[in-house]
Amino acid sequence: MNCLSQQEEILFEAYIILSFARKVLQNDLLIVEKSFLKLKEPYIQLIHSSIGSISKELFEIKQQLHKRNIKIEFGNNDGTFTEFHCYFRGYVKTSRFLNLHLRNKVQDRLSVTAKLK
């Protein structure tokens, strides 16, 4: 039974994708900072800029989720699937996403962010 509205489903998925995208960029930033690139400062600035824009969007989504009394928790990851729990209006919705699907969604989202720069 799915009691989330279409808008709430969009917020749910966006929260998950943006959370992973920010985590990926933060990990990549650490790798670039430790790398032996001759000109790493432009890459660092680009990653910081992307993290900033994703963080702003994530903040807005968190506000909308809070207004609707929706809480999302990350669940188990068995290597193939990742589980998420969504608490709303007295219900709990557990969704399982294929990790490959999440990776592709995050990659698409980061590509959109890079094109906006």
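Start at 1 with the first residue, then count along the sequence.
Residues meeting the ring pair (Phe, Tyr, Trp, His ring centres under 6.0 Å) test with Phe20, sequence neighbours left out: Phe74. Judged as a side chain to side chain donor-acceptor pair (under 3.5 Å), and not counting sequence neighbours, Lys23 has no contacts.
In this structure, Phe97 places its CZ atom where more than 12 heavy-atom neighbours from other residues, nucleotides or ligands lie under 6.0 Å away. Within a 6.0 Å sphere centred on CZ of Phe59, other residues, nucleotides and ligands contribute 12 heavy atoms or fewer. More than 12 heavy-atom neighbours from other residues, nucleotides or ligands sit within 6.0 angstrom of CD on Gln7.
Both Phe81 and Leu100 sit in one connected hydrophobic cluster of ILVMFWY residues. Membership requires side-chain heavy atoms under 4.5 Å apart, directly or through other members. Linking ILVMFWY residues whenever their side-chain heavy atoms come closer than 4.5 Å, directly or via other members, places Val24 and Tyr43 in the same cluster.
Listed here is the closest heavy atom pair of Asp78 and Thr80: OD1-N, 2.9 Å. Closest approach of Cys86 and Ile72 over heavy atoms only: SG-CG1, 4.3 Å. When every heavy atom of Ile47 is checked against every heavy atom of Leu25, the shortest pair comes out as CG2-O, 3.6 Å.
In this structure, the side chain of Ser49 does not engage the main chain of Gln45 through any donor-acceptor pair within 3.5 Å. Remark: side-chain polar atoms of Lys40 are paired, donor with acceptor, to backbone N or O of Glu33 under 3.5 angstrom.
Here the CG-CD1 distance, from Leu58 to Ile16, works out to 11.5 Å after rounding to the nearest 0.5 Å. Annotation: the span from Ile61 atom CD1 to Leu11 atom CG amounts to 6.0 Å, rounded to 0.5 Å. Rounded to the nearest 0.5 Å, atoms CG (Asn76) and CZ (Arg96) are 9.0 Å apart. For the atom pair OG of Ser95 and CD of Glu9, the computed distance is 6.5 Å after rounding to the nearest 0.5 Å. The line from CG of Leu18 to CD of Glu57 is 5.0 Å long, rounded to the nearest 0.5 Å. Of the inter-residue distances, the one linking Arg103 atom CZ with Asp108 atom CG reads 10.5 Å to the nearest 0.5 angstrom.
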Problem - Arg68 and His66: CA distance, side-chain angles, deciding distance, side chain to side chain contact (heavy atoms under 4.5 Å, CB included) verdict - result: CA-CA 5 Å; Arg68 297 168 190 243; His66 183 72; over 6 Å; no
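With a 4.5 Å cut-off on side-chain heavy atoms, Lys71 and Leu65 do not count as touching. Inter-residue side-chain proximity for Leu110 and Ile54 is flagged as met; some heavy-atom pair is nearer than 4.5 Å. Side-chain contact between Phe84 and Glu73 is absent, with no heavy atoms from C-beta onward closer than 4.5 Å. At a threshold of 4.5 Å between non-hydrogen side-chain atoms, the residues Leu4 and Phe88 count as touching. You'll find the side chain of Arg22 reaches within 4.5 Å of the side chain of Ile51, heavy atoms only. You'll find the side chain of Phe12 stays beyond 4.5 Å of the side chain of Ile70, heavy atoms only.
Its side chain outside the 4.5 Å cluster rule for every partner, Phe36 clusters with none of the Ile, Leu, Val, Met, Phe, Trp and Tyr residues.
The only member of Lys93, Arg89, Gln64 that meets side-chain hydrogen bond (donor to acceptor under 3.5 Å, both in side chains) when paired with Glu8 is Arg89.
A salt bridge between Glu60 and Lys62 is absent, with no side-chain N of the basic residue lying under 4.0 Å from a carboxylate O of the acidic one.
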